[in-house]
Amino acid sequence: MKEFENIVTDLPYKESPEYVESLVKSCASVASAQAPAKVVRPWFYAFAGVAAAAVIGLGVFLFKGRTSPMDSFLASLTDDEVTLIADWPITDIPEYYY
Amino acid sequence: MKSANDILQQASSVYGKRLYWHIRRLVVSHDDAEDALQETFIKIFTKAQSFKGEEGAALEAWCYKIATNEALQVLRKRVHAFQSLDSIGPELADFLAAEAAPGADKSALLFQKAILGLSTQQRVVFNLRYYDELSYTQIAAITGKSEGSLRTNYHYAVENIKEYLKEHAL
């Protein structure tokens with residue numbers, strides 16, 4: 001490079017070449033030791049997908065046909081109670097509900 | 001086809017030190033540089049199978065690309081919300097003052113401060129071209145920018161540094 005020939009452009013840091021070399025080796029060995037744990041194999045996704053589908057299927061099977069709490073409540077009401085609810089004066093609802 | 005271990009071995013032994021200094025010039029802090037280098041090697045190892053290029057220049061550019069991304073990732077964590085990455089210069093200048101060797105040359109420090117005052121894009125291009133002496137073709141492969149815009153970035157980086165040094169009477 002021709003630019004800045006009359007200026008000191010060296011990096012002003014204290015790390016020696018030997019230190020950096022050992023640091024690089026250390027980082028590389030740690031990376032090769034750590035990395036396999038981070039590699040996720042395709043079979044893992046397949047297994048996770050099948051497991052998730054099984055859990056969802058089981059959930060649907062178990063809860064299929066169950067009535068909701070609201071349906072149970074409405075079914076438990078007598079005709080008089082239904083009439084009472086239906087005739088509830090709407091003007092009694094506080095303003096902040098609007 | 002080389003194994004992931006072979007590629008990591010080659011990347012660390014041939015380009016390792018250069019990658020460290022490339023990252024260090026971008027993040028300034030040694031601890032951040034060490035973390036970013038570690039992540040770079042992990043990425044190289046885990047993505048080695050997806051590396052389709054030939055060895056040599058392509059591997060070098062690929063390693064530099066990962067290292068650059070990791071370094072910028074470190075910087076992104078440093079900037080506050082809604083701030084641009086370019087606004088981190090003063091903070092990095094503080095790091096520089098703290099991490100410089102005792103008795104470091106004043107003009108060398110001033111030169112580094114001038115570089116830290118550049119935009120991130122200009123800084124990346126300037127460092128890769130000036131210190132790592134990579135060709136514009138290689139830098140284009142690393143940054144994903146066109147060679148024309150890289151030449152422009154480098155030109156303005158040099159001009160900005162010269163102006164900074166002139167303002168600070170060097």
Side-chain angles (χ1 to χ4, degrees), chain A residues 1-64 68 94-98, chain B residues 4-5 8-13 15-21 24-25 28-30 33-49 96-97 99-115 126 129-131 133 154-155 157-159 161-162 165 170:
Chain A
M1 289 296 147
K2 300 292 181 287
E3 298 91 356
F4 311 113
E5 277 184 329
N6 55 340
I7 302 170
V8 180
T9 59
D10 296 339
L11 295 175
Y13 303 122
K14 54 181 174 282
E15 285 74 18
S16 66
E18 295 77 21
Y19 172 76
V20 173
E21 190 164 0
S22 70
L23 175 77
V24 167
K25 281 180 184 169
S26 158
C27 283
S29 64
V30 171
S32 63
Q34 275 188 355
K38 296 194 172 191
V39 177
V40 180
R41 306 287 181 198
W43 60 259
F44 173 79
Y45 289 114
F47 178 77
V50 170
V55 169
I56 292 167
L58 186 65
V60 169
F61 176 76
L62 289 176
F63 289 96
K64 190 180 171 188
S68 70
E95 272 188 24
Y96 56 77
Y97 272 29
Y98 292 108
Chain B
N5 256 325
L8 176 62
Q9 179 64 29
Q10 188 179 350
S12 63
S13 60
Y15 310 118
K17 282 187 279 186
R18 294 177 64 194
L19 292 177
Y20 168 80
W21 286 117
R24 181 75 187 273
R25 281 190 289 268
V28 181
S29 156
H30 166 71
E34 187 176 348
D35 289 346
L37 183 69
Q38 182 82 70
E39 283 302 315
T40 299
F41 283 154
I42 290 175
K43 290 260 166 65
I44 288 171
F45 188 88
T46 53
K47 294 179 185 294
Q49 301 307 324
L96 178 68
E99 303 235 355
D105 191 285
K106 282 185 181 175
S107 62
L109 280 170
L110 197 63
F111 187 70
Q112 292 307 314
K113 277 187 183 174
I115 295 172
F126 181 81
R129 183 79 183 129
Y130 188 82
Y131 283 109
E133 299 185 343
Y154 184 77
H155 171 77
V158 170
E159 291 303 311
I161 291 170
K162 282 180 179 172
L165 296 177
L170 192 76

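A, B, ... follow the sequence lines: proteins, then strands. Residue 1 opens every chain.
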Enquirer: Where on K162(B) is there a heavy atom nearer than 4.5 Å to chain A: the side chain, the backbone, both, or neither?
Expert: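 The answer is both parts of K162(B).
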Enquirer: Of all of Q9(B), E34(B), R25(B), H30(B), which one pairs up most often with chain A through heavy atoms under 4.5 Å apart?
Expert: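 Winner by heavy-atom pair count: H30(B).
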Enquirer: Could you label the plane-to-plane angle of the F126(B) and Y154(B) rings as parallel, tilted or perpendicular, counting under 30° as parallel and over 60° as perpendicular?
Expert: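 The arrangement is parallel - the two ring planes meet at less than 30°.
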Enquirer: Within this structure, what is the OG-CG distance for the pair S29(A) and L8(B), rounded to the nearest 0.5 Å?
Expert: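 Atom-to-atom, S29(A):OG and L8(B):CG are 9.0 Å apart.
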Enquirer: For chain A, find which of I115(B), L37(B), L19(B) contributes the most heavy-atom pairs closer than 4.5 angstrom.
Expert: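 That would be L37(B).
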Enquirer: Mark yes when over 12 heavy atoms from residues, nucleotides or ligands other than K14(A) sit less than 6.0 Å from its NZ; otherwise mark no.
Expert: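 Yes, NZ of K14(A) has more than 12 neighbouring heavy atoms, counting only those of other groups under 6.0 Å.
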Enquirer: Under a 4.5 Å heavy-atom cutoff, which of A108(B), A100(B), A104(B), S12(B) has the most pairs with chain A?
Expert: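 The answer is A108(B).
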Enquirer: Contact part of Q112(B) toward chain A, heavy-atom cut-off under 4.5 Å: side chain, backbone, both or neither?
Expert: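 When you check distances to chain A, only side chain atoms of Q112(B) fall under 4.5 Å.
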Enquirer: Apply side chain to side chain contact (heavy atoms under 4.5 Å, CB included) to residues K17(B) and Y20(B) and explain how you reach the verdict.
Expert: CA-CA 5 Å; K17(B) 282 187 279 186; Y20(B) 168 80; 5.6 Å; no
Enquirer: Does any part of the side chain of F4(A), heavy atoms only, come nearer than 4.5 Å to the side chain of F111(B), both counted from C-beta?
Expert: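 Side chain of F111(B) against side chain of F4(A), heavy atoms only: contact under 4.5 Å found.
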Enquirer: So which of D10(A), N6(A), L23(A) has the largest heavy-atom pair count under 4.5 angstrom toward chain B?
Expert: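 Highest number of pairs under 4.5 Å: L23(A).
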